[in-house]
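The structure appears right after this line, and notes come after that.
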2 protein chains.
Amino acid sequence: MTSLSIAEAAEQTGLTAHTLRYYERDGLMLRSVERASSGHRRYTDDDLRWIQMVTRLRSTGMPIRDVRRYAALVREGEGNEGERLALLLAHREVVERQLAEVTSHLRAIDHKIAIYENKVAPGA
Amino acid sequence: MTSLSIAEAAEQTGLTAHTLRYYERDGLMLRSVERASSGHRRYTDDDLRWIQMVTRLRSTGMPIRDVRRYAALVREGEGNEGERLALLLAHREVVERQLAEVTSHLRAIDHKIAIYENKVAPGA
DNA sequence: GTCCGACTTCGAGTGCACTCCAAGTCAAGG
DNA sequence: CCTTGACTTGGAGTGCACTCGAAGTCGGAC
């Protein structure tokens, strides 16, 4: 089991060290990250896997407070899988609606682009 | 040609009156919206069409400052279609990259959902 | 004539998610 | 022993995009 410094964890996850500390103090981690005798954080593989899940939720637009609720459920342990599932399904709905909206707006923009392409380089 | 009050324009566009005023003073409109003798804004069909374009750009994630630049180009009039096109194409790239990222993250979340569905109602 | 409601302006406030700073600690190298 | 560099903390600051509040104006209904 490897264990990484915050700088290494930052590089692995694509987040900054600032953000990793912020996530931890904001209750997004499953538990406090372990410390070396120096007090420096040591990230385990489990930590990294969890951070990856957080990243997935975040970059699909889930607000921090919902990620925190999800983390709390997972932290509680077995027995609340129904709630976790409900939370993820609700998020999924939101994401799909958003994807559909963005896609349709993008199509309209593409139409505009086509018009300009004809103006700028007709017949290109 | 209809001409709408700010409340009607808000309803038509799905924005709030506050946001319409904000867009105007932030330079996102092509020109100052006309006024009734009372000083109240009167939105024309052209205004509404432009606001729709702004909404498309915004809800695909274009920052306000880029919308402002695009508005400035359109305001300048003919001759800079190349620049407008470049701006829209650059935006298109960003949006597509983002769509791809969100889609792939969503797939990973779906996988997690499937796991929970099996746990919660196995064989459902 | 005055009341109401929809508007006006300017500027301040909000919420979100970071992002940064200052001052301090620690282990290792020279 | 002293310096260096990577870390630590609490709290403050930033950027974005709204969002709201206060005070004032205007036209029409009663």
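Order of the sequence lines fixes the chain letters, A, B, ..., with proteins taken first and strands second; residue numbering starts at 1 for each chain.
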Q. Does B/Arg75 CZ have over 12 foreign heavy atoms under 6.0 Å away?
A. yes

**Q.** Spacing between B/Ile64 atom CD1 and D/dA17 atom P, to the nearest angstrom
**A.** 5 Å

**Q.** Closest to side chain of B/Ile6, choosing from C/dC26, C/dC16, C/dT8
**A.** C/dT8

Q: In whole angstrom, give the distance that lies between atom NE2 of A/His40 and atom P of C/dA28.
A: 11 Å

Q) Under 4.0 angstrom, heavy atoms only, what part of the nucleic acid is A/Arg41 near: base, sugar-phosphate, or nothing? A) sugar-phosphate

(Q) Using whole Å, what does the distance between atom P of nucleotide C/dC16 and atom CZ of A/Arg58 come to? (A) 11 Å

Q) Which word best sums up how the rings of B/Trp50 and B/Tyr70 line up, parallel for under 30°, tilted for 30 to 60°, or perpendicular for over 60°? A) parallel

Q: For A/Ser5, answer base if it contacts any base atom (sugar-phosphate contacts may also be present), sugar-phosphate if it contacts only those atoms, and nothing otherwise; contact means non-hydrogen atoms under 4.0 Å.
A: sugar-phosphate

(Q) Both B/Thr16 and A/Glu8 contact DNA chain D. Taking the nearest nucleotide for each, which residue is further toward the 5' end? (A) A/Glu8

Q: Rounded to the nearest angstrom, tell me the gap between atom CG in B/Leu20 and atom C1' in D/dC20.
A: 15 Å

**Q.** B/Thr19 side chain, from C-beta outward: closest of C/dC18, D/dA17, D/dC18
**A.** D/dC18

Q | Sugar-phosphate only, base, or nothing, as touched by B/Ala36 at under 4.0 Å among non-hydrogen atoms | A | nothing

Q. Of all the choices, D/dC18, C/dC18, D/dT8, which nucleotide is nearest to the side chain of A/Tyr23 once you look at every atom?
A. C/dC18

Q. Whole-Å distance between D/dC18 C1' and B/Arg68 CZ?
A. 13 Å

Q: Give a yes or no on this: more than 12 heavy atoms of other residues, nucleotides or ligands lie within 6.0 Å of atom CD of A/Glu11.
A: no

Q) When we call it a touch if two heavy atoms are under 4.0 Å apart, what does B/Ala17 touch: a base, just sugar-phosphate, or nothing? A) nothing

Q) Closest to the A/Tyr22 side chain: D/dC18, C/dT19, D/dT8? A) C/dT19

(Q) Expressed as a whole number of angstroms, how long is the span from B/Asp26:CG to C/dG11:C1'? (A) 14 Å

Q | B/His18 or A/Ala7, whichever maps to the more 5' nucleotide of DNA chain D | A | A/Ala7

Q: Check the distance between C/dT9's C1' and B/Glu24's CD and give it to me in whole angstrom.
A: 12 Å

Q) Hey, does A/Arg25 reach any base, or is it just sugar-phosphate, or nothing, if we go heavy atoms under 4.0 Å? A) base

Q) How long is the line joining CZ of A/Arg21 and C1' of C/dC18, in whole Å? A) 13 Å

Q: Might you confirm whether atom CD of B/Glu81 has over 12 heavy atoms from other residues, nucleotides or ligands at distances under 6.0 Å?
A: yes

Q) Could you walk me through whether B/Arg97 and B/Glu101 pass the salt bridge (charged side-chain N to carboxylate O under 4.0 Å, His left out) check? A) CA-CA 6 Å; B/Arg97 233 197 321 278; B/Glu101 193 197 318; over 6 Å; no

Q.
Once you apply a heavy-atom cut-off of 4.0 Å, does A/Arg35 come out as touching a base, just sugar-phosphate, or nothing?
A. sugar-phosphate

